[in-house]
Amino acid sequence: RQDGYHLIDAEMVTLDLHDVLTIQDAEQSLMTVGGLFAEGVPTDATNLCLQAAEFARRSVNIHLEKNIPHGGGLGGGSADAAAVLRWAGVSDAASTAVIGADVPFCLHGGRARVRGIGEIIDELPHVDRTFTIVAPPLHVSTPAVYEAWDQLGEPETEGPNDLEPAALLVEPQLVWWRDEILERTGITPTLAGRGAPWFIE
């Protein structure tokens, strides 16, 4: 689109993997981060948690215990933002797409088909599923992947993730991880979002 967003059509599911947020009202917003994947998480206005607080017109102190890999394509930042929005009483999921395309689903939760720029959510029946996620120590840029997808001619793949060819172009090391998972498990993994994690079930 002219505003830089791409239209998506994706199945999204809530995982039991989660970060932990401690949130308190404050005179001025402040954020601290700890946990296994704290390194590289911004604590300034670029953090989606603080953007969510601003969206809700609240000043907050937030401590984030980061258990989801940062920048790993698993929607951790969006889920954290959704937690802040829930705490603040925001219930209009569609309006939160201005914070990030994954935020409306994370506010809704469950299992759903997600379209538009993320604001159209069609609930799907719950299915018990177990995923094994392999999170390589790689950071894959969302804008770079979508730009590569555009340059490749917006390909539709035979597999479940049309972004995979673009992600492999942006970060060629993903190929090694994909092939290693296949060799060790006998299962071809699926790229989560724009990467870097792969998953099998």
Side-chain angles (χ1 to χ4, degrees), residues 6 8 10-22 31-43 46-49 51-52 62-84 99-112 114 118 127-149 157 159-201:
H6 287 72
I8 64 171
E11 178 185 350
M12 295 187 183
V13 295
T14 299
L15 303 175
D16 58 6
L17 175 65
H18 61 276
D19 295 332
V20 178
L21 290 88
T22 305
M31 183 162 184
T32 57
V33 183
L36 183 61
F37 295 105
E39 185 177 351
V41 176
T43 57
T46 62
N47 189 288
L48 294 184
C49 290
Q51 291 181 28
I62 299 174
H63 178 72
L64 171 62
E65 195 74 14
K66 197 76 180 117
N67 302 316
I68 302 173
H70 166 58
L74 293 173
S78 297
D80 297 339
V84 174
I99 302 170
D102 294 342
V103 175
F105 168 75
C106 290
L107 188 59
H108 183 276
R111 174 174 175 253
V114 181
V127 177
D128 282 327
R129 299 161 82 178
T130 299
F131 299 98
T132 299
I133 300 170
V134 178
L138 304 170
H139 178 75
V140 181
S141 164
T142 300
V145 169
Y146 276 101
E147 183 178 348
W149 187 73
T157 65
N161 189 345
D162 290 341
L163 288 178
E164 185 174 317
L168 299 183
L169 184 65
V170 170
E171 181 44 85
Q173 292 183 69
L174 287 172
V175 175
W176 183 89
W177 287 89
R178 178 199 63 197
D179 294 348
E180 190 73 5
I181 295 166
L182 173 59
E183 182 177 338
R184 289 173 180 249
T185 67
I187 303 171
T188 301
T190 299
L191 191 69
R194 48 84 176 137
W198 296 92
F199 70 88
I200 60 176
E201 61 174 313

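For reference, positions follow the sequence shown, starting with 1.
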Over all atoms of both residues, closest heavy-atom pair of [X] and [Y]:
| X | Y | result |
| --- | --- | --- |
| A81 | L48 | CB-O, 3.6 Å |
| G75 | D102 | CA-OD2, 4.5 Å |
| V140 | A196 | CG2-CB, 3.8 Å |
| I133 | F199 | CG1-CB, 4.2 Å |
| A101 | P104 | O-CD, 3.5 Å |
| D19 | G76 | OD2-O, 4.1 Å |

Once rounded to the nearest 0.5 Å, what's the spacing between atom [atom1] of [X] and atom [atom2] of [Y]?
| X | Y | atom1 | atom2 | result |
| --- | --- | --- | --- | --- |
| I62 | D80 | CD1 | CG | 9.0 Å |
| C106 | I99 | SG | CD1 | 11.0 Å |
| E171 | H139 | CD | NE2 | 10.5 Å |
| L169 | L174 | CG | CG | 11.0 Å |
| F131 | L17 | CZ | CG | 12.0 Å |
| I200 | T130 | CD1 | OG1 | 11.5 Å |

Side chains of [X] and [Y] in contact at under 4.5 Å (non-hydrogen atoms):
| X | Y | value |
| --- | --- | --- |
| R111 | V127 | yes |
| C49 | L21 | yes |
| L163 | L191 | no |
| W177 | P197 | no |
| L15 | I68 | no |
| E39 | H70 | no |

Any donor-acceptor N/O pair, N67 side chain to L36 backbone, under 3.5 Å: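 Side chain of N67 to backbone of L36: no pair is present.
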side-chain hydrogen bond (donor to acceptor under 3.5 Å, both in side chains) pairs, two or more places apart, involving residues 185-200: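 Sorted pair list: T142-R194.
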More than 12 heavy atoms from other groups under 6.0 Å of CZ on R129: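 Yes.
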Test side-chain contact (heavy atoms from CB on, under 4.5 Å) applied to V134 and E180, step by step: CA-CA 11 Å; V134 178; E180 190 73 5; over 6 Å; no
Candidate pair T132 and I187, rule side-chain contact (heavy atoms from CB on, under 4.5 Å), full reasoning: CA-CA 11 Å; T132 299; I187 303 171; over 6 Å; no
